[in-house]
Amino acid sequence: MNRTKARILKQFGVFFLGLSFVCSTGTFAEETKQAAISDYFNVRSFGASGDSETDDTAAFQKALDAAEKAGGGVVYAPRGNYFFTGHLNVPKAVTLAGIWQSVPAHNGIRNRGTPKPTDDGTTFLVTGDAGREDGPAFITLNTNSTLKGVVLYYPQQNVDDEPKPYPWAIAMRGKNPAVLAVEMLNPYNGIDATRNERHLIRDVHGQPIRRGIMVDAIYDIGRIENVHFNPWWSTRPKLFKWQMENGEAFIFGRSDWEYVYNTFCFGYKIGYKFIKSRRGVCNGNFLGIGADDCYTALLVEECAPFGLLITNGEFVSFHGPDPTMIEVSENNRGSIRFVNCAFWGPCNQIAKIGGKGTVGFSDCTFTQWGGKEGNRPAIQAQSGTVLIRGCEFRQDRPQIELGKDVDRAIIAENIFTGSERIINKSKGNIQLGLNISN
């Protein structure tokens, strides 16, 4: 009886083993079949050389077009220095990616002994359309397409001379285009983030010389996060002087709720510039933004009535013909609020305010101002409505001047170093109170 049972169990064991082998073989065959349908396209397989000399434009575009034909995918550029004389169009649902998972730094051209852009990783050497600004961008992103993990380097720019014009390095179009972990080492113009919806620009570093990021014609919320523009490529006198006299790091035209978070720029004529384009003006939320050593840290030519909300900002100006932290032009009709912001550097004045809009400073710290003679007020309001509440003025110099065209102002609960020095030329409704001085 036991022998019969053992024989039956043995037969069933062989049966199940065979069944398991058949099933696993079928599964393996199915997995092999699925693996043949790839969403990964290596540019080397399409003829890219990455040798710093051979033009890889056509090879990259073949890979990008193949990914589009497949319904989307990742076009991967492994370690190498890829030379380009033309332009790339990244189709919808396609990602163009290099090796970097976090934005790298390559300041070895400026500082010997540190990494240069051709030492490691995935570097794009851009040369097309040198001498002109109005050509197509080097890389154009479209709906749901992404550029990630690469270094953009313009090898024909001269560290010792005024910059050579180029078109935009990157243009963002369609819906949900993204630029992630990209180092723009020395483009003339950086990112054209206009005419799209819900763009995402995150972890972008470098030294764009003329313009960093341009935002306009955005009717659905765009986002800019962790962007850092610093002169890592060149601080040679002729080039850097040109950048200081002409450069604009962040430019905002029409954008319906732009969200900007943890951004910084150093060494520009204007750090943050708000303009009225033919499509309109900007409103948005700006948190943790900074501008250091800019002739004017933040300029508002015009903004939307719903407002610019600027919180936890840091602004520094000490060079230029009239170093100023904040300037609001006479054309502005919108509302601008600075909350918990810090201002320092030996500037002429913290703010010059014009227009008929509202400008408010709340819980801010003003450290240095006054010009060489020390007699300029920190905040000079010529017109409009002004709110200055709960701020600290840390120098014993004139604090506030209200011009004759200021309609309304509330100046309250501020702390002054030295005596209270408020110059009021306005005939409007002005409320002063609860300010404290030494």
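All figures in this text were calculated on a predicted structure; none of them were measured in a lab.
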Any side-chain donor near an acceptor of the partner, [X] and [Y], under 3.5 Å:
{"X": "Glu330", "Y": "Asn332", "answer": "no"}
{"X": "Asn111", "Y": "Thr114", "answer": "no"}
{"X": "Asp51", "Y": "Asn81", "answer": "no"}
{"X": "His228", "Y": "Asn230", "answer": "yes"}
{"X": "His106", "Y": "Asp119", "answer": "no"}
{"X": "Gln395", "Y": "Thr417", "answer": "no"}
{"X": "Asn435", "Y": "Asn414", "answer": "yes"}
{"X": "Gln380", "Y": "Glu401", "answer": "no"}
{"X": "Thr85", "Y": "Asp55", "answer": "yes"}
{"X": "Asn189", "Y": "Arg211", "answer": "yes"}

In terms of side-chain geometry, is the basic nitrogen of [X] or [Y] positioned less than 4.0 Å from the acidic oxygen of its partner?
{"X": "Lys62", "Y": "Asp65", "answer": "no"}
{"X": "Arg254", "Y": "Asp216", "answer": "no"}
{"X": "Arg394", "Y": "Asp396", "answer": "no"}
{"X": "Glu162", "Y": "Lys238", "answer": "no"}
{"X": "Arg173", "Y": "Asp192", "answer": "yes"}

> Should Glu245 and Lys269 be marked as a salt bridge (charged side-chain N to carboxylate O under 4.0 Å, His left out) after you check the CA-CA gap, both sets of side-chain angles, and the distance that decides it?
Replying inline: CA-CA 5 Å; Glu245 292 177 347; Lys269 180 181 180 182; over 6 Å; no
> CZ of Arg408: more than 12 outside heavy atoms within 6.0 angstrom?
Replying inline: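 Result for CZ/Arg408: open.
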> Take atom NZ in Lys276; do more than 12 heavy atoms of anything else shown fall under 6.0 Å from it?
Replying inline: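 Open: at most 12 neighbouring heavy atoms sit under 6.0 Å from NZ of Lys276.
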What is the ring orientation for [X] with [Y], classed by angle as parallel under 30°, tilted 30 to 60°, or perpendicular over 60°?
{"X": "Tyr272", "Y": "Phe250", "result": "parallel"}
{"X": "Phe393", "Y": "Phe366", "result": "tilted"}
{"X": "Trp242", "Y": "Tyr188", "result": "tilted"}
{"X": "Trp232", "Y": "His205", "result": "tilted"}

How far does [atom1] of [X] sit from [atom2] of [Y], to the nearest 0.5 angstrom?
{"X": "Asp292", "Y": "Trp344", "atom1": "CG", "atom2": "CH2", "answer": "7.0 Å"}
{"X": "Thr311", "Y": "Tyr261", "atom1": "OG1", "atom2": "OH", "answer": "12.0 Å"}
{"X": "Gln399", "Y": "Ile388", "atom1": "CD", "atom2": "CD1", "answer": "10.0 Å"}
{"X": "Ile326", "Y": "Phe338", "atom1": "CD1", "atom2": "CZ", "answer": "4.0 Å"}

Quick one, [X] and [Y] - any side-chain contact, counting heavy atoms below 4.5 Å?
{"X": "Ser426", "Y": "Asp405", "value": "no"}
{"X": "Ser329", "Y": "Phe274", "value": "no"}
{"X": "Met172", "Y": "Ile201", "value": "yes"}
{"X": "Ser234", "Y": "Arg110", "value": "no"}
{"X": "Leu96", "Y": "Phe60", "value": "yes"}
{"X": "Tyr82", "Y": "Thr123", "value": "no"}

>> Let's go through Lys352 and Asp322 carefully: what are the C-alpha distance in whole Å and the side-chain angles of both, what is the deciding distance for salt bridge (charged side-chain N to carboxylate O under 4.0 Å, His left out) to 0.1 Å, and is it a yes or a no?
In response: CA-CA 11 Å; Lys352 296 194 295 186; Asp322 187 21; 2.9 Å; yes
Give a yes or no answer on whether the side chain of [X] reaches the backbone of [Y] with a donor-acceptor pair at less than 3.5 Å.
{"X": "Glu225", "Y": "Asn262", "answer": "no"}
{"X": "Gln61", "Y": "Asn89", "answer": "yes"}
{"X": "Asn186", "Y": "Gln157", "answer": "no"}

> What heavy-atom pair brings Ile170 and Ala137 nearest, and what distance separates the two atoms?
Replying inline: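 Looking at all heavy atoms of both residues, the shortest contact is C-CB, 4.1 Å.
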> Looking only at heavy atoms, what is the nearest atom pair of Ala130 and Gln156, with distance?
Replying inline: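 What the structure gives for the nearest pair is CB-OE1, 4.2 Å.
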> Going through the checks in order, is the salt bridge (charged side-chain N to carboxylate O under 4.0 Å, His left out) test met by Glu413 and Arg389?
Replying inline: CA-CA 6 Å; Glu413 300 179 330; Arg389 297 175 295 190; over 6 Å; no
